[in-house]
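Beneath this line is the structure, given in structure tokens, with notes to follow.
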Amino acid sequence: MAKRIDVSGLHVYYGDFLAVEDVSMTIEPRSVTAFIGSSGCGKSTFLRTLNRMHEVTPGARVQGKVLLDDQDVYGSEVDPVAVRREVGMVFQRPNPFPTMSIYDNVIAGAKLNNQRLNKSAADDLVERSLRGANLWEEVKDRLGRPGAGLSGGQQQRLCIARAIAVEPSVLLMDEPCSALDPISTLAIEDLISELKENYTIVIVTHNMQQAARVSDVTAFFNLAGTGKPGKLIEMGETNKIFTKPEKKETENYITGRFG
Amino acid sequence: MTTTDPSTTAHVPRGKRRIGDVVFANSARGSGILILVILAGVAAFLVAQSFDSLTANTANFLTTSEWDANTREAPAFGVLALAFGTVLGAAIALVLATPVAIGIALFIVYYAPRRIAAVLGYLVDLLAAIPSVVYGLWGIGWLVVQLAPFYTWLETYFGWFPLFAGPVSTTGRTMLSAGIVLAVMILPIITAMSRDVFLQVPQSHREAALALGATRWEMIRMAVIPFGRPGIIGGAMLGLGRALGETMAVAMILSPSLVVSWFLLQSGNQTIAAHIALQYPEATGYGVSALIAAGLVLFAITLLVNMAARFVVSRRKEFA
């Protein structure tokens with residue numbers, strides 16, 4: 001179930017370019033941690049290093065340590081595929097598989113782990129995951145329809161259902177609401193609050209109200225300067241970050257006095 | 001009485017008609033219409049020219065296989081064995097070429113280092129530039145010689161399987177050889193179409209699969225191949241079209257006989273296109289008209305194959 005993430009001294013490089021510099025943080029289980037900061041400050045890049053998705057980009061590499069409970073995510077014998085089964089991800093744009101039905105989308109990941117999923121176990125898993133993503137009532141009568149036929153907000157909840165069907169311990173969300181309307185955004189935020197009972201949730205967002213609404217802990221990232229790497233400036237309880245930040249930079253960003 | 005409803009009488013603003021636009025629109029329309037005219041013209045020619053022999057034919061054209069058309073009296077000819085050979089050869093080619101083409105395309109797009117991928121892609125395109133007569137020469141001068149011992153081996157160990165039953169042709173000039181050469185010929189088009197569609201698979205779909213814990217191969221099965229299916233089918237159908245109509249290479253490789261035979265390792269079989277090419281110079285009497293009738297059948301087969309392919313591609317459109 002939910003696991004703690006311990007990051008120490010993490011640098012992220014694209015080729016020779018240092019994109020994120022020296023991040024250390026602890027992310028508590030059964031909580032929501034929000035990453036905020038201006039575009040290009042490396043928060044999404046950093047997020048992707050938590051399940052090694054950055055390795056999809058050619059030339060991307062890290063230095064430093066990421067522990068999932070006591071397991072080293074970058075240990076030499078660790079398979080990135082296994083890490084991603086443990087640390088699920090939801091993307092900025094809803095990306096259900098267009099060629100699959102709603103049902104098949106939900107069990108896509110679970111099928112990878114367990115090829116011999118029998119029909120009733122699969123049915124159970126689909127219902128459980130869709131209920132978990134607050135989507136069951138809306139789609140239970142059309143599970144065979146294409147996932148791409150749903151609204152944007154429903155598609156995003158379908159992607160969340162797909163991610164939790166794999167039963168990960170951590171859920172990473174990269175601006176999950178930035179392509180959605182306010183109503184759908186609210187539905188996702190409610191869902192995040194429910195999901196944190198069982199998962200460690202990390203969410204990147206550009207919407208500071210959203211960070212304030214859903215997260216327990218907030219981490220503020222910023223660039224050290226143009227062309228310089230992104231850095232973790234400050235991390236603390238969301239209340240405190242939004243009311244009494246310690247750093248001037250954080251305060252400037254929170255209050256909108258920021259270039 | 002007419003009421004002046006503003007919505008119907010309102011002046012629809014018409015843009016100034018620019019001469020360039022008019023010329024371009026009409027020439028584009030003309031090109032589109034030209035396609036239909038050419039297609040209809042070819043079909044009309046085939047029907048008109050074959051009518052003569054088909055009415056004089058004393059055998060059933062569609063269900064018999066003899067070819068005794070070079071006469072003015074009581075011609076008897078049928079297209080069955082030819083049509084069968086055509087479809088069989090093209091089917092062998094498709095079965096052999098499609099998996100290899102998909103493999104090459106996947107390798108180029110997802111596995112090969114960039115430099116090797118570029119060279120490989122270029123080489124595959126080069127295969128398409130080789131004239132079919134050269135394939136024919138290669139087939140008869142080299143390939144069949146190499147294949148003959150393999151066929152003997154195949155018959156020895158797999159002769160119980162009907163397709164591979166003996167007696168094996170000692171020259172290797174069999175339907176299987178022709179199919180293999182055709183497969184090489186249609187490989188580039190299927191590869192190119194598959195590669196193009198694989199390159200278009202959105203990054204977000206691939207990341208979705210990887211984030212669920214898919215390995216590269218699982219990602220390809222989950223996101224790439226389903227997305228690329230219409231392109232693969234389209235490429236396969238273009239390849240099939242070429243294989244059905246391919247004349248020169250088949251005419252050179254096969255040692256023809258007009259029988260319906262499933263035995264791939266025995267000499268025999270013939271395709272419509274190769275038959276027309278070989279028979280035309282000596283056609284007399286109803287001969288030419290009969291060959292045109294065979295061409296009409298080839299035209300119909302190709303048309304059916306293309307329509308079937310379009311049906312397959314469009315059937316799952318809502319999932320694409």
Side-chain angles (χ1 to χ4, degrees), chain A residues 47-48 50-58 79-102 104-115 144-149 155 158-159 161-168 170-174 179, chain B residues 102 105-118 193-194 196-236 309-320:
Chain A
L47 185 80
R48 290 165 70 93
L50 299 181
N51 68 345
R52 299 181 66 167
M53 275 301 285
H54 71 286
E55 289 171 9
V56 174
T57 314
D79 184 358
V81 167
V83 172
R84 292 175 198 144
R85 286 177 189 180
E86 189 81 353
V87 184
M89 191 158 200
V90 176
F91 297 85
Q92 184 169 0
R93 303 204 71 84
N95 56 357
F97 296 115
T99 52
M100 291 184 195
S101 65
I102 293 172
D104 289 336
N105 259 289
V106 175
I107 56 169
K111 257 188 177 166
L112 295 175
N113 299 320
N114 184 2
Q115 298 285 350
R145 306 286 304 157
Q155 286 187 25
L158 177 59
C159 292
R162 181 176 67 186
I164 61 182
V166 186
E167 292 172 352
V170 179
L171 214 47
L172 307 177
M173 301 186 168
D174 189 358
Chain B
I102 294 172
L106 286 175
F107 178 72
I108 289 175
V109 177
Y110 291 110
Y111 287 93
R114 194 163 300 174
R115 194 171 307 165
I116 294 177
M193 293 278 290
S194 305
D196 287 352
V197 75
F198 290 159
L199 281 169
Q200 286 166 17
V201 176
Q203 171 106 10
S204 69
H205 295 173
R206 286 184 278 131
E207 290 195 340
L210 291 173
L212 289 172
T215 62
R216 180 137 51 163
W217 162 235
E218 287 167 337
M219 180 272 284
I220 285 169
R221 244 181 17 196
M222 197 182 245
V224 174
I225 289 181
F227 183 90
R229 195 194 323 260
I232 297 170
I233 294 175
R310 282 184 191 280
F311 176 72
V312 170
V313 172
S314 68
R315 200 166 44 121
R316 285 176 60 84
K317 195 154 242 161
E318 64 175 345
F319 279 96

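Numbers restart at 1 for each chain; the letters A, B, ... are given by sequence-line order, proteins then strands. All figures in this text were calculated on a predicted structure; none of them were measured in a lab.
With a 4.5 Å cut-off on non-hydrogen atoms, A:Val81 touches chain B through its backbone and its side chain both. In this structure, no portion of A:Pro80 lies under 4.5 Å from any heavy atom of chain B.
Closest of all the heavy-atom pairs between A:Leu112 and B:Leu212 is CD1-O, 4.2 Å. Considering all non-hydrogen atoms of both residues, B:Gly213 and A:Arg85 come closest at O-NH2, 2.7 Å. The minimum heavy-atom distance linking A:Thr99 with B:Phe227 is given by the pair CG2-N, 4.0 Å. For A:Arg162 against B:Ala208, the heavy-atom pair with the smallest separation is NH2-CB, 3.4 Å. Residues B:Ala223 and A:Phe97 approach most closely at CB-CE2, 4.0 Å, considering heavy atoms.
Around atom CZ of B:Arg216, more than 12 heavy atoms belonging to other residues, nucleotides or ligands sit under 6.0 Å away.
Residues A:Arg48 and B:Glu207 are paired through a salt bridge, judged by an N-O separation under 4.0 Å between the basic side chain and the carboxylate. Taking the charged nitrogens against the carboxylate oxygens, A:Arg84 and B:Glu218 have no contact shorter than 4.0 Å, which rules out a salt bridge.
Atom CZ of residue B:Arg206 and atom CG of residue A:Asn95 lie 12.0 Å apart, to the nearest 0.5 angstrom.
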- Could you walk me through whether A:Val56 and B:Gln203 pass the side-chain contact (heavy atoms from CB on, under 4.5 Å) test, one step at a time? CA-CA 10 Å; A:Val56 174; B:Gln203 171 106 10; 3.9 Å; yes
- Task: Before giving the answer on side-chain contact (heavy atoms from CB on, under 4.5 Å), spell out for B:Met222 and A:Met100 the whole-Å C-alpha distance, their side-chain angles and the decisive distance to 0.1 Å.
- Result: CA-CA 9 Å; B:Met222 197 182 245; A:Met100 291 184 195; 3.6 Å; yes
Donor-acceptor contacts under 3.5 Å from residues 107-117 of chain B side chains, at least two apart:
unit_1   : atom_1 : unit_2   : atom_2 : d
B:Tyr110 : OH     : B:Phe198 : O      : 3.1

